[in-house]
Amino acid sequence: MKELLTDAATRAIHYLETLDTRSVAPAPSAVAALKAFDEPLPEQPGDPADTLRLLDEVGSPATTAMAGRRFYGFVIGGSLPVTLAANWLAGAWDQNTGLYRPTPGTAFLEQVSLRWLLDILQLPATCGGAFVTGATVANLCGLAAARHAVLKRVGWNVEADGLFGAPPITVIIGGEAHPSVSKSLGVLGLGRTRVVKIPVDDQGRMRVDAMPPIHGPTIVCAQAGNVNTGSFDAIDEICRRARPAGAWVHVDGAFGLWAAATKTRAGLCAGMGEADSWATDAHKWLNVPYDCGLAFVRDPHALQAAMAITAEYLPTDSGFRNPADFTPELSRRARGVEVWAALRSLGRAGIADMIERNCDQARRFAAQLTAAGFTILNDVVLNQVLVSFGDAERTKQVIQGVQAEGTCWAGITVWQGRTAMRLSLSSWATTDADVDRSVAAIVRVAAGC
Ligand SMILES: *Cc1c(COP(=O)(O)O)cnc(C)c1O
């Protein structure tokens with residue numbers, strides 16, 4: 001066992017140490033070589049060391065260097081070394097962290113992490129929270145708590161009686177809501193399209209003046225950090241309209257919520273603490289390994305009512321908080337361990353620095369690409385940059401060229417009708433020199449298109 005695990009660590013360290021010198025996208029030959037995995041199911045046991053060797057030799061080259069310094073696709077963080085180390089140790093522990101009593105170590109670490117998270121994200125200290133797989137499931141949790149609460153207020157128990165015959169719920173969302181919000185609404189029986197969609201401005205922010213008057217059970221889905229532009233809905237204004245009318249305000253802040261951890265960008269989160277529930281990711285901007293998302297709910301009992309495995313969701317003794325009473329899963333890995341490691345080792349200042357650094361790097365990208373003659377389509381308020389290289393066809397060619405060239409990786413999007421390269425600065429490992437090197441590569445590729 002010791003040899004095998006040491007071999008795995010050695011191989012993993014080698015992988016990370018050589019990331020900087022390889023193409024960010026896997027070579028086509030490495031992808032083609034994946035057919036080596038396509039063996040018949042072995043009939044007999046084999047040498048575990050041989051299995052690990054095959055995994056590394058065939059698997060490692062076929063990965064995208066998302067853990068590296070110049071991957072700017074989607075919104076994807078790397079893994080802080082301490083979080084990967086904690087992940088290895090917690091993997092060895094193999095704790096099924098659904099219940100407190102059998103797994104006090106990991107369950108307690110999650111409680112501490114949740115308290116620290118509420119502090120750093122400037123959310124009410126009395127919120128309930130849950131470690132889930134990502135912001136998609138965090139949105140699901142927040143909206144499930146919302147569904148419980150708005151129906152409970154009109155005397156309907158949705159967990160017991162379902163939605164058939166229930167008073168209707170009005171769901172208000174921005175025209176630029178993330179598809180994971182629509183998906184969650186669909187899963188919850190509220191309907192992906194049975195919503196009141198509010199028009200947005202040129203940055204994708206909900207036009208609050210276009211919100212209808214609110215009456216009856218209502219859920220408003222706001223957004224902190226548009227996945228294309230990084231823009232924020234005016235959460236304070238939305239809450240001012242919605243909450244006195246009895247509506248529940250849920251915020252999808254998958255990466256944007258982390259602006260609250262900084263001095264310079266916290267203003268984007270004005271009024272955030274007035275909402276009722278929030279979804280965010282730790283595997284994006286906190287740079288912990290996949291997968292880790294977070295749901296926070298102002299009224300912990302609403303989350304517990306929606307998620308507890310038994311209907312007798314008595315308030316749990318705070319010393320014995322069963323994680324499974326707050327999550328869709330029963331059995332689950334101890335996601336909070338990596339979060340705890342990140343927060344403890346970076347501290348408030350280290351986290352602020354990481355977020356600010358990425359925001360500054362987004363501006364650096366925008367300034368240099370503007371100077372090179374390209375068009376930035378968004379106000380760079382956070383960590384997202386949208387770049388047009390001309391018409392859709394040419395922009396597409398540049399993006400494909402950049403991905404094939406391998407210095408960095410950026411994806412494609414269509415923003416309000418215009419095809420754009422989307423750059424997301426989300427990694428702890430990215431340096432200003434990486435930005436400069438990436439810009440040089442992009443300019444070089446664009447010159448050849
Ligand atoms: C990434 C993202 C999500 C989905 O998060 P997952 O972790 O992929 O489930 C939801 N909303 C926004 C704004 C996002 O950026």
Side-chain angles (χ1 to χ4, degrees), residues 64 66 71-79 83 117 121 129-144 146 173-188 192 195 200 203-206 220-233 235 238 249-260 265 268-269 272 275 277-296 327-329 332-333 335-336 338-339 342 355 358-359 362 378 381-386 410-413 415 420 422-427:
T64 297
M66 291 179 174
F71 183 85
Y72 310 117
F74 313 101
V75 186
I76 285 189
S79 295
T83 66
L117 286 161
L121 298 173
F131 285 94
V132 292
T133 50
T136 301
V137 176
N139 278 324
L140 179 84
C141 290
L143 292 168
I173 72 172
E176 269 290 332
H178 192 271
S180 64
V181 172
S182 306
K183 173 173 169 168
S184 298
L185 292 169
V187 172
L188 288 167
R192 291 192 184 207
V195 294
V200 294
Q203 299 301 310
R205 291 172 294 224
M206 212 192 282
V220 182
C221 304
Q223 176 167 262
N226 177 283
V227 79
N228 282 308
T229 65
S231 72
F232 285 58
D233 284 338
I235 310 288
I238 290 170
V249 179
H250 171 76
V251 180
D252 175 7
F255 59 96
L257 217 54
W258 293 89
R265 272 85 178 178
L268 292 165
C269 294
M272 192 64 75
S277 57
W278 303 263
T280 194
D281 268 317
H283 60 217
K284 286 179 178 168
W285 229 347
L286 188 60
N287 279 263
V288 304
Y290 286 95
D291 42 26
C292 188
L294 293 151
F296 303 107
T327 60
E329 302 87 2
R332 48 181 287 275
R333 74 182 192 92
R335 293 192 175 82
E338 297 114 357
V339 169
I355 306 297
N358 284 155
C359 293
N378 64 316
V381 294
L382 201 68
N383 62 336
Q384 306 292 116
V385 187
L386 300 178
I412 190 167
T413 192
W415 176 248
R422 181 152 72 92
L423 295 160
S424 175
L425 280 292
S426 320
S427 173

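Worth knowing before you read on, the calculation uses all heavy atoms, side chains too, and leaves out hydrogens, waters and symmetry mates. Counting starts at 1 for both ligands and their atoms, in listed order.
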Near Val227, which atoms of ligand 1 are under 4.0 Å from a heavy atom of that residue? 15 (O)
Polar atom proximity, Ala135 to ligand 1 (N or O, under 3.5 Å): yes
Under 3.5 Å donor-acceptor, Asp233 side chain and Ile238 backbone: no
Polar side-chain atom of Trp258 near backbone of Asp281 as donor-acceptor pair, under 3.5 Å: yes
Looking only at protein heavy atoms, what sits closest to atom 15 (O) of ligand 1 is Lys284 NZ, 2.9 Å
Any atoms of ligand 1 less than 4.0 Å from a non-hydrogen atom of Gly134? List them with their elements. 7 (O), 9 (O)
Counting only N and O atoms by type, is there a donor-acceptor contact under 3.5 Å from the side chain of Thr229 to the main-chain atoms of Ser231? yes
Counting C-beta onward and ignoring hydrogens, is there a side-chain heavy-atom pair between Val75 and Val227 closer than 4.5 Å? yes
Quick one: which ligand 1 atoms are inside 4.0 Å of a heavy atom on Asp281? 5 (O), 6 (P), 7 (O)
Hey, which atoms in ligand 1 end up nearer than 4.0 Å to a heavy atom of Phe255? 15 (O)
So, the side chain of Thr83 versus the backbone of Ala342: is there a donor-acceptor pair under 3.5 Å, distance only? no
At less than 4.0 angstrom from any non-hydrogen atom of Ala254, what atoms of ligand 1 do you find? 2 (C), 3 (C), 10 (C), 11 (N), 12 (C), 13 (C), 14 (C), 15 (O)
In this structure, atom 9 (O) of ligand 1 is nearest to the protein heavy atom Thr136 OG1, 2.6 Å
Could you identify the single nearest non-hydrogen protein atom to atom 10 (C) of ligand 1 and state the distance to 0.1 Å? Ser180 OG, 3.1 Å
Can I get a per-line list of side-chain donor-acceptor pairs under 3.5 Å for residues 130-142, giving both atom names and the distance, sequence neighbours left out?
| unit_1 | atom_1 | unit_2 | atom_2 | d |
| --- | --- | --- | --- | --- |
| Asn139 | OD1 | His250 | NE2 | 2.7 |
| Asn139 | ND2 | Ala135 | O | 3.2 |
| Asn139 | ND2 | Ser180 | OG | 3.2 |

Got a donor-acceptor contact below 3.5 angstrom from the Thr413 side chain to the Trp415 backbone? no
Counting from 1 in the order shown, the ligand 1 atoms closer than 4.0 Å to a non-hydrogen atom of Gly225 are 13 (C)
Using a 4.0 Å heavy-atom cut-off, say whether Phe74 meets ligand 1 through its side chain, its backbone, both or neither. neither
With only distance considered, is Gln223 within less than 3.5 Å of ligand 1 through an N or O on each side? no
Is the side chain of Asn383 donor-acceptor paired with the backbone N or O of Asn358 at a distance under 3.5 Å, no angle test? no
Keeping Asp291 on the side-chain end and Gly293 on the backbone end, is there a donor-acceptor pair under 3.5 Å? no
For atom 13 (C) of ligand 1, grab the closest protein heavy atom and report residue, atom and distance to one decimal in Å. Asp252 OD2, 3.5 Å
